[in-house]
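To start, the structure under review is shown below, and the notes come after it.
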There are 2 protein chains.
Amino acid sequence: MTTRTRRRADAERSIARIVAAARELLGRDPAATIDEIAAAAGVGRMTLYGHFPNRAELVEAALADALADGERTLSAVDLTGDPGAALDRLLASSWSLVAESSSLLAAAQEVLPPGRVRQLHGAPAARLEELIRRGQDRDAFRTDLPIGWLVGAVHYLLKGAAEEQRAGRLDAAEVPRIVTASVRSLLTPPG
Amino acid sequence: MTTRTRRRADAERSIARIVAAARELLGRDPAATIDEIAAAAGVGRMTLYGHFPNRAELVEAALADALADGERTLSAVDLTGDPGAALDRLLASSWSLVAESSSLLAAAQEVLPPGRVRQLHGAPAARLEELIRRGQDRDAFRTDLPIGWLVGAVHYLLKGAAEEQRAGRLDAAEVPRIVTASVRSLLTPPG
DNA sequence: GCTAACTCGTATATTCCCGTACGAGCTAAA
DNA sequence: TTTAGCTCGTACGGGAATATACGAGTTAGC
């Protein structure tokens, strides 16, 4: 947070606009160009390069920003009480986050060193994993499948729902119900 | 099938090798280069261009070939009897097909006009959809979610499992069990 | 064995995007 | 008001990939 030489206010503003634009464009198209991002941010390309030395650092900054936002939202979710209900609340908050930055993740995967994305993405995954564990302890969630897979599967379903919605095959209004119902089935003990 | 001017046998052979190489490379990396594909096929790049005018047509040919192969495999699956058991059989056969060409699908999405992939992909989707419908009629599968979503969700789970396996987070030997268990939960009526 | 079809190398044009260099002009902050 | 930081245009160089042009050599099929 504290840099050696202090940064001017207009620079902060530019950086914020660039990161916001990057999140928006990369969230839709993982192949979005630096040119396009700069244009969408309303700054010249050179200004962008003044703050981010290359594409990778820009993508990482955008991802980190999106994840920080997510953390802020998700940490406010009440995960106590009945695990099923807690799961519903978590999904209700997670859904739009995933929808907005699913392809941002893909962009990061291409540009960042292997494992880096997973590392940055650790917090939300850990939150879900812990909730699942707690549900398992209370026999509310299944235990016959690896927990890593369960966490991953939830993510794949969320990403899939985002894709379906973007393609117009799913109405945004019904997505939350569909997602929660699907995930609950996935986590419920069989039989 | 019948072309205006007859094709020579060596040309047929080249095409077959190119398509096979394209399936293999694009199945692993959607960004595989024409150069790489030609090299893997053991032909010169110019030979490749002699048969496929551009990247899009090559990708489409590879996808079509993979789907034709899949059709041959899947049409042999017995879908009669108990829907749950039939689903297991279908998944057991589908799994490796999806795993082998999941990124081929991604490559096609990038290059082909929107909707084209879905159109080519219609047959396997229709097969699954019909099975789900039959299961719904017998109260074996849920009816509280749109059937289009159910079909899509199964696909997303399969793709996700393929990704997990490729990343080494899932053992290939246990994937079939995990996939079938997950999908069955997803399709089973809640409550 | 003749011919058309096929193979395939080299060279080249094009396009797209990334990243750098230089420099003029503007603006925030002490 | 001074100065260091910031903005941003234009121009350039480089790499990677697609696609075309030309042409010489090889092979299948009648």
Side-chain angles (χ1 to χ4, degrees), chain A residues 1-22 25-26 28-63 103-104 106-113, chain B residues 1-22 25-26 28-63 103-104 106-113:
Chain A
M1 288 303 148
T2 48
T3 45
R4 188 162 317 174
T5 67
R6 189 152 287 158
R7 205 154 33 198
R8 251 169 51 177
D10 52 351
E12 299 274 15
R13 225 176 308 135
S14 289
I15 293 178
R17 296 177 69 182
I18 291 169
V19 169
L25 293 205
L26 291 173
R28 267 189 270 121
D29 174 17
T33 286
I34 295 224
D35 283 52
E36 295 168 341
I37 293 171
V43 304
R45 208 163 59 98
M46 300 325 301
T47 302
L48 193 156
Y49 272 111
H51 297 295
F52 302 95
N54 52 49
R55 189 170 210 280
E57 297 220 16
L58 173 59
V59 171
E60 177 158 346
L63 180 59
S103 34
L104 174 55
Q109 291 281 15
E110 284 177 7
V111 172
L112 268 42
Chain B
M1 286 296 154
T2 47
T3 44
R4 189 163 314 175
T5 68
R6 188 153 286 161
R7 207 153 35 198
R8 251 168 55 174
D10 53 352
E12 300 273 14
R13 225 176 308 134
S14 290
I15 292 177
R17 297 176 69 183
I18 291 169
V19 169
L25 293 205
L26 291 173
R28 268 190 270 119
D29 174 18
T33 286
I34 295 226
D35 283 52
E36 294 168 342
I37 294 171
V43 305
R45 213 181 53 257
M46 300 325 300
T47 303
L48 193 156
Y49 272 110
H51 296 295
F52 302 94
N54 51 48
R55 190 169 211 280
E57 296 220 17
L58 172 59
V59 171
E60 177 158 346
L63 180 58
S103 35
L104 173 54
Q109 292 281 14
E110 283 177 7
V111 173
L112 267 44

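Letters A, B, ... mirror the listed sequences (proteins, then strands); counts begin at 1. Everything numeric here is computed off the predicted structure, so don't read it as measured data.
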Separation of [X] atom [atom1] from [N] atom [atom2], in whole Å?
X         : N       : atom1 : atom2 : result
Ile34(A)  : dC17(C) : CD1   : P     : 11 Å
Leu58(B)  : dA19(D) : CG    : C1'   : 14 Å
Ile18(A)  : dT7(D)  : CD1   : P     : 7 Å
Asp35(A)  : dC18(C) : CG    : C1'   : 9 Å
Leu48(A)  : dC18(C) : CG    : P     : 10 Å
Arg45(A)  : dT20(C) : CZ    : P     : 11 Å
Phe52(B)  : dT18(D) : CZ    : C1'   : 16 Å
Glu110(A) : dC17(C) : CD    : P     : 14 Å

Heavy-atom nearest nucleotide on DNA chain D for Thr47(A) versus Ala56(B): which residue maps closer to 5'?
Thr47(A)
5' priority, DNA chain D, between Met46(B) and Arg13(B) [closest heavy atom]
Met46(B)
Where the side chain of Asn54(B) meets the backbone of Glu57(B), is there a donor-acceptor pair that is under 3.5 Å apart?
yes
State whether the side chain of Arg45(A) and the backbone N or O of Asp35(A) hold a donor-acceptor pair below 3.5 Å, judged by distance alone.
no
Does Thr33(A) reach a base, just sugar-phosphate, or nothing at all? Heavy atoms under 4.0 Å.
sugar-phosphate
Would you indicate what Arg55(B) reaches in the nucleic acid, counting non-hydrogen atoms under 4.0 angstrom: base, sugar-phosphate, or nothing?
sugar-phosphate
Axis-to-axis angle across the helix from dG1(C)-dC30(D) to dA30(C)-dT1(D), five pairs each end, nearest 10 degrees, ~ 30°
Determine whether a donor-acceptor pair (one donor, one acceptor, N or O, separation below 3.5 Å) exists between the side chain of Arg8(B) and the base of dG29(D).
no
I want to check one thing: is the phosphate of dT7(D), taken as OP1 and OP2, less than 4.0 Å away from some side-chain N or O of Ser14(A)?
yes
Does a side-chain N or O of His51(B) approach OP1 or OP2 of dC6(C) to a distance below 4.0 Å, or not?
no
Going from CZ on Arg13(B) to CZ on Arg7(B), what distance comes out if it is rounded to the nearest 0.5 angstrom?
13.0 Å
Nearest 0.5 Å, what's the CG-CG distance between Leu58(A) and Leu63(A)?
11.0 Å
Closest non-hydrogen atoms of Ser14(A) and Val43(A), given as atom of the first, atom of the second and distance, are OG-CG1, 4.4 Å
Does a side-chain heavy-atom distance below 4.5 Å link Ile15(B) with Phe52(B)?
yes
Between Ile37(B) and Leu26(B), is any pair of side-chain heavy atoms under 4.5 Å apart?
yes
